[in-house]
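Some notes on the structure that comes next.
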Amino acid sequence: MKCLPNTTFQRADKELFALETLHLAHALIGCRLVTTIEGVRSSGIIVETEAYGGAKDPAAHSFRGETPRTQVMFKEAGHVYVYFIYGVHYCVNIVSEREGTAGAVLLRALIPDENREKMQERRGGAANDAVARGPGNLCKALGIDLSLNGEYAPESEKIWVEAPRDPLPLPILRSPRIGISKAKELPWRFYLANCASVSKGPVGS
DNA sequence: GCAAAGATCGGCT
DNA sequence: GCCGATCTTTGCA
């Protein structure tokens, strides 16, 4: 099942990423996330994101200020923040806002696009809709790990974002964020309506 | 130093 | 619906 129309993509530059965090989270829906890992390119259409703020967001890693782990969140917009969680999974974010101000958008789900076979292989043969559904699965499907932490998406040869020429014809919905214990009520999650690759439904828990 | 929590996932009851 | 895997980061003693 195809959720999306045919369109062409071109690499997003720093102007896109410099948006305010909530706007970037919305704008990234429909963009294509591309990685080239060990010479192998694969990609998917972003269908689910969450915004994480700075000093005002107790759910964000950056809430308590800059630490060795969170320093990437304070860099110029367009940097890539990857972290390892629960001893098992990686999660990937695109940094927003200006240098010195923390903000990032967690990428939670993709529709597999280029090189689906490789993504499926990395995921141990999961069904297409599930290959990049959920932040941990998304990273596994695209081969994202800590070696990509700190990459700069506008210039990186390993990971970048491509914007669609044509805007999406489907509505983008929002809901509270998933899997957090603080600031649960903030409706800072964005996702594409009616898409089987989105990790959870409208309720979001 | 140490202990607890964590932006998850898949398997099992 | 609950639970375990498995390890890094961080806050506090």
Side-chain angles (χ1 to χ4, degrees), chain A residues 17 20-26 28-29 33 44 46-75 77 79-97 101-112 119-151 153 159 161 173-192 196-205:
Chain A
F17 304 116
E20 190 274 332
T21 308
L22 281 169
H23 292 170
L24 178 60
H26 186 278
L28 284 174
I29 302 284
L33 179 66
I46 298 167
V47 294
E48 183 182 356
T49 62
E50 287 179 0
Y52 285 87
K56 301 175 290 275
D57 179 10
H61 291 166
S62 52
F63 182 58
R64 293 171 204 284
E66 193 168 342
T67 66
R69 176 172 69 155
T70 62
Q71 61 166 329
V72 177
M73 286 185 75
F74 291 82
K75 290 193 174 189
H79 281 84
V80 175
Y81 171 46
V82 181
Y83 63 89
F84 189 53
I85 191 71
Y86 296 121
V88 185
H89 302 287
Y90 299 102
C91 294
V92 63
N93 298 251
I94 305 293
V95 173
S96 61
E97 309 279 349
T101 301
V105 175
L106 172 68
L107 305 181
R108 291 191 53 93
L110 308 175
I111 300 170
M119 298 171 73
Q120 204 156 12
E121 177 192 321
R122 291 189 182 117
R123 285 271 293 117
N128 192 257
D129 287 341
V131 159
R133 182 166 62 203
N137 290 337
L138 181 160
C139 287
K140 195 166 183 187
L142 285 180
I144 294 168
D145 64 20
L146 286 182
S147 71
L148 298 187
N149 189 40
E151 288 287 315
I159 182 168
V161 171
L173 307 179
R174 51 192 297 190
S175 83
R177 295 173 292 183
I178 291 175
I180 55 174
S181 58
K182 296 164 216 155
K184 284 179 163 174
E185 72 288 354
L186 296 175
W188 285 6
R189 170 175 175 249
F190 297 85
Y191 62 101
L192 196 58
S197 292
V198 169
S199 66
K200 308 248 180 181
V203 182
S205 77

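Residue numbering restarts at 1 for every chain, and letters A, B, ... go by the order of the sequence lines.
Partner A:V105 forms a side chain to side chain contact (heavy atoms under 4.5 Å, CB included) with one of A:V92, A:L28, A:I46 and no other, that one being A:L28.
Here the separation of C:dT6 from B:dC2, taken at their P atoms, is 23 Å to the nearest Å. Separation of the P atoms belonging to C:dG1 and B:dA7 is 22 Å when rounded to the nearest angstrom.
A donor-acceptor pair under 3.5 Å is absent between the side-chain atoms of A:R108 and the main chain of A:E48, judged by distance alone. Panel note: side chain A:E151, backbone A:A153; no donor-acceptor pair is recorded below 3.5 Å.
Chain A approaches DNA chain B within less than 4.0 angstrom (heavy atoms of the protein), and the contacting nucleotides run 5' to 3' from B:dG6 to B:dG10. Protein chain A contacts DNA chain C over a range whose 5' and 3' limits, counting nucleotides with an atom under 4.0 angstrom from a non-hydrogen atom, are C:dA5 to C:dG11.
Of the two residues contacting DNA chain B, namely A:L138 and A:K182, the nearest-nucleotide position lying further toward the 5' end is that of A:K182.
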**Message:** Pair A:T49, A:I29 - check side chain to side chain contact (heavy atoms under 4.5 Å, CB included), show working.
**Reply:** CA-CA 7 Å; A:T49 62; A:I29 302 284; 3.9 Å; yes
**Prompt:** Dot-bracket, DNA chain B: Watson-Crick or G-U, under 3.5 angstrom, [ ] crossing, | other strand?
**Reply:** ||||||.|||||.
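Residues satisfying the ring pair (Phe, Tyr, Trp, His ring centres under 6.0 Å) criterion with A:F17, sequence neighbours excluded, are absent altogether. In terms of the ring pair (Phe, Tyr, Trp, His ring centres under 6.0 Å) criterion, residue partners of A:Y83 (sequence neighbours excluded) are, by chain and number, A:H61, A:Y81.
Backbone-only contact: A:I180 has heavy atoms under 4.0 Å from sugar-phosphate atoms and none from a base. Contact annotation for A:Y86: base contact, defined as any heavy-atom pair under 4.0 Å involving a base atom. Note on A:N93: a base of the nucleic acid sits closer than 4.0 angstrom, heavy atoms only.
Note that A:R177 lies in the cation-pi zone of A:Y52, set by a 6.0 Å cut-off to the ring centre and a 45° limit from the axis.
Using a 4.5 Å cut-off on side-chain heavy atoms (C-beta onward), A:N149 and A:V72 make contact.
Applying the side chain to side chain donor-acceptor pair (under 3.5 Å) rule to pairs touching residues 87-97 of chain A yields A:T21-A:S96, A:T21-A:E97, sequence neighbours excluded.
Counting only N and O atoms by type, the side chains of A:S199 and A:R133 include no donor and acceptor under 3.5 Å apart.
Of all heavy-atom pairs spanning A:L110 and A:L142, the tightest one is CD1-CD1, 3.5 Å.
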